[in-house]
Amino acid sequence: MVVDEETDGSLDRLFHALADRTRRDILRRCVQGELSVSRLAEAYPMSFAAVQKHVTVLERAGLVTKQRRGREQLVLTEPEAVARARQALDELEALWRGRVERMSHLLTQDPRTADHDPQEGQDR
């Protein structure tokens, strides 16, 4: 997995945003349909400002966008961001599966038939 600094920072923001239970819940609610920030705030035992901060974190991570409609700010999900998170996790999984397969192969090799020089490692 090749990660440049910009992509690395973007993934950090993405996973930071997803690490919080309230933000994941906000994201789930918004996937079901666009909601205003004030409507979202009604669902949580916290201030409007606190919910707005959570939405801002989601927005900076690219998981949602806000769209002004009249006096309300609607929160819309960005499915591409979730796809980026899935891709990053899939790449990590592929790396680990490759390592596990290599270790499994090494463990199943018969040490008597493995290519090695019995003199290797001894002083000559």
Partner residues of Arg69 under the salt bridge (Lys or Arg N to Asp or Glu O under 4.0 Å) criterion, sequence neighbours left out:
Glu34
Mind checking whether Leu74 and Glu72 have side chains closer than 4.5 Å, heavy atoms only?
yes
Salt bridge (Lys or Arg N to Asp or Glu O under 4.0 Å) partners of Glu101, counting only residues at least two apart:
none
Report the residues that fulfil salt bridge (Lys or Arg N to Asp or Glu O under 4.0 Å) with Arg24, sequence neighbours left out, ordered by chain and then residue number.
none
Under the side chain to side chain contact (heavy atoms under 4.5 Å, CB included) rule, collect the residues that match up with Ala43, sequence neighbours excluded.
Arg29
Over all atoms of both residues, closest heavy-atom pair of Ala41 and Phe48:
CB-CD1, 3.8 Å
Answer yes or no: is there a side-chain heavy-atom contact under 4.5 Å between Leu40 and Ser36?
no
Minimum heavy-atom distance Tyr44-Val51, with the two atoms named
CD1-CG2, 4.1 Å
Provide the full list of salt bridge (charged side-chain N to carboxylate O under 4.0 Å, His left out) pairs with a residue in residues 38-47, sequence neighbours left out, each pair given once.
Arg39-Glu42
Lys53 NZ to Leu58 CG distance, which is reported to the nearest 0.5 Å
14.5 Å
Run the side chain to side chain contact (heavy atoms under 4.5 Å, CB included) test against Arg60 and tell me which residues pass, sequence neighbours left out.
Thr56
For Glu93, enumerate each residue passing the side chain to side chain contact (heavy atoms under 4.5 Å, CB included) test, keeping only those at least two apart in sequence or located in another chain.
Asp90, Arg97
Any chain of hydrophobic side-chain contacts (each under 4.5 Å) joining Val31 to Val37?
no
Who else is in Val100's hydrophobic cluster (ILVMFWY, side-chain heavy atoms under 4.5 Å, direct or via others)?
Met103
Restricting to pairs with a member in residues 14-23, which pass side chain to side chain donor-acceptor pair (under 3.5 Å), not counting sequence neighbours?
Arg23-His54
Is any side-chain heavy atom of Gln73 closer than 4.5 Å to one of Gln67?
no
Considering only distance and modelled atom types, tabulate donor-acceptor pairs under 3.5 Å from the side chains of residues 75-85, sequence neighbours left out.
from, atom 1, to, atom 2, distance (Å)
Glu78, OE2, Thr65, OG1, 3.3

Could you tell me if the side chain of Val57 sits less than 4.5 Å from the side chain of Leu63, heavy atoms only?
no
Between the CG atom in Leu18 and the CG atom in Leu27, the distance rounded to the nearest 0.5 Å is 6.5 Å
Sequence neighbours left out, what passes salt bridge (Lys or Arg N to Asp or Glu O under 4.0 Å) with Arg99? Give chain and number order.
none
